[in-house]
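Below you'll find the structure, written out as structure tokens, and then a few comments.
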Amino acid sequence: SQTIHQWPATLVQPVGSPLSLECTVEGTSNPNLYWYRQAAGRGLQLLFYSVGIGQISSEVPQNLSASRPQDRQFILSSKKLLLSDSGFYLCAWSFGGANQPQHFGDGTRLSIL
Amino acid sequence: GQQLNQSPQSMFIQEGEDVSMNCTSSSIFNTWLWYKQDPGEGPVLLIALYKAGELTSNGRLTAQFGITRKDSFLNISASIPSDVGIYFCAGPPANTDKLIFGTGTRLQVFP
């Protein structure tokens, strides 16, 4: 069976510092991978998605970037964090193709001070 | 862009009661998904629907894919305290690899 891991679970960072959140999937090959942000009490906003190594699609202009250096690894980064980057970040995977359900990691709670 | 509207926004019910919530779209969807999110965790897939009119159950949960393909419903029977959380509907726009998520229904269950 497939599993997805995100880390760290919580992170407190000062404004202007860099960021690296990591997500890995086990038990499948060539998954689609997704990064979402969720503001407190709100819905999920898709930030990036990837259908293969080195292929990244950005959904909204922002201070963040994503990379997929390996088939089952997805990284969310920033060079300089802003206060507005605070939130709950979720990684998800799905099988390739349309109409596939996505399966989520446990999330990273990011607080910017 | 496409939006998914969920109602009600929140529900406060007593343990043992049945719950109904729905999700509507401005355009047709070919797949409807229902997720539950516990506080501080990622959403977990509850039910997936792939055909108009389809009715699918998962334990005490039952979901239906609306005939018009623009809506879906989730029912929870005999609610228990662990049903507390936020329920999201989701669907892929125009057969893409992405999902649009609804605004969520927050459920509180009192003993």
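Residue numbers start from 1 in every chain, and the chains themselves are labelled A, B, ... in the order their sequence lines are given, proteins ahead of strands. Owing to the predicted nature of the structure, the values given are computational and were not obtained by experimental measurement.
A/F48 is not connected to A/V51 by any chain of hydrophobic side-chain contacts under 4.5 Å among Ile, Leu, Val, Met, Phe, Trp and Tyr, and they are in different clusters. In this structure, B/L74 is not a member of the same hydrophobic cluster as B/I86, with clusters built from ILVMFWY side-chain heavy atoms closer than 4.5 Å. Both B/I100 and B/I47 are part of a single hydrophobic cluster, where members link through side-chain heavy atoms under 4.5 Å apart. With hydrophobic clusters built from ILVMFWY side chains whose heavy atoms lie under 4.5 angstrom apart, B/F73 does not share a cluster with B/L46. Under a hydrophobic-cluster definition in which Ile, Leu, Val, Met, Phe, Trp and Tyr are linked whenever side-chain heavy atoms come within less than 4.5 Å, directly or via other members, A/Y89 and A/V15 are assigned to the same cluster.
B/D97 CG to A/S50 OG: the interatomic distance, rounded to the nearest 0.5 Å, is 10.5 Å. Here the straight-line distance linking atom CZ of B/F101 with atom OH of A/Y36 works out to 4.5 Å at 0.5 Å rounding. For the atom pair CZ (B/F88) and CD (A/Q38), the distance works out to 5.0 Å, reported to the nearest 0.5 Å.
Looking at A/Q6, there are no atoms closer than 4.5 Å to chain B (heavy atoms on both sides), in backbone or side chain. Contact of B/Q37 with chain A is made through the side chain alone, with heavy-atom distances under 4.5 Å.
In plain terms, the two heavy atoms of B/Y50 and A/N99 that are nearest each other are CE2-O, 3.6 Å. Looking at every heavy atom in both residues, A/L90 comes nearest to B/G42 through CD2-CA, 3.5 Å.
In A/Q73, the CD atom is crowded: over 12 heavy atoms of neighbouring residues, nucleotides or ligands sit closer than 6.0 Å.
The closest side-chain heavy-atom distance from A/L44 to B/P43 is below 4.5 Å. Looking at A/Y49 and B/L99, their side chains never come closer than 4.5 Å, going by heavy atoms from C-beta outward.
Ranked by heavy-atom pairs shorter than 4.5 Å toward chain A, the options B/K98, B/R106, B/Q6 are led by B/K98. Of the listed residues (A/Q100, A/Q102, A/R109), the greatest number of heavy-atom pairs within a distance under 4.5 Å of chain B belongs to A/Q102.
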